[in-house]
Amino acid sequence: LCGLSKERMAAVGVCAAKELYLSWEEAVKMAAVRYDIVIDRYKNGYYPKRITPAEGMMKVNGELMEALGKLSHLRHRKYP
């Protein structure tokens, strides 16, 4: 394209605007259809589950907090 004249570049731009333009409404409709497909595939187990190191850490942290919550009643208990 760099070797084209200004007139030819303008013509390419006009054609591109006619052929490639996508309105916001059309783009949103296309995205909604695609999201529906992705969500459906996710729900049906199409995508493998990925576990990141942070997820493992969060799981352990959650289990610890749950255990500490169960023990909180001991804090208010009166010992003989």
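The first residue of the sequence shown is numbered 1, and numbering continues consecutively from there. Small disclaimer: the values here were computed from a predicted structure and weren't measured.
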Between CD1 on residue Ile39 and CZ on residue Arg34, distance to nearest 0.5 Å: 11.0 Å
If hydrophobic clusters are built by linking Ile, Leu, Val, Met, Phe, Trp and Tyr wherever their side-chain heavy atoms come under 4.5 Å apart, do Tyr35 and Ile37 end up in the same one? no
Any chance OH of Tyr47 has more than 12 other-residue heavy atoms, nucleotides or ligands included, within less than 6.0 Å? yes
Would you give me the side-chain donor-acceptor pairs under 3.5 Å for residues 11-25, sequence neighbours excluded?
{"residue": "Ser23", "atom": "OG", "partner": "Glu26", "partner atom": "N", "Å": "3.1"}
{"residue": "Ser23", "atom": "OG", "partner": "Glu26", "partner atom": "OE1", "Å": "3.0"}

Lys29: partners by salt bridge (Lys or Arg N to Asp or Glu O under 4.0 Å), with sequence neighbours left out: none
Those residues that, when tested against Lys49, pass salt bridge (Lys or Arg N to Asp or Glu O under 4.0 Å) (two or more places apart): none
Is the count of non-hydrogen atoms from other residues, nucleotides or ligands lying under 6.0 Å from Arg8 atom CZ greater than 12? no
Given 3.5 Å as the limit, does a donor-acceptor pair link the side chain of Asn44 with the main chain of Asp40, or not? yes
Are side-chain heavy atoms of Glu55 and Thr52 found at a separation under 4.5 Å? yes
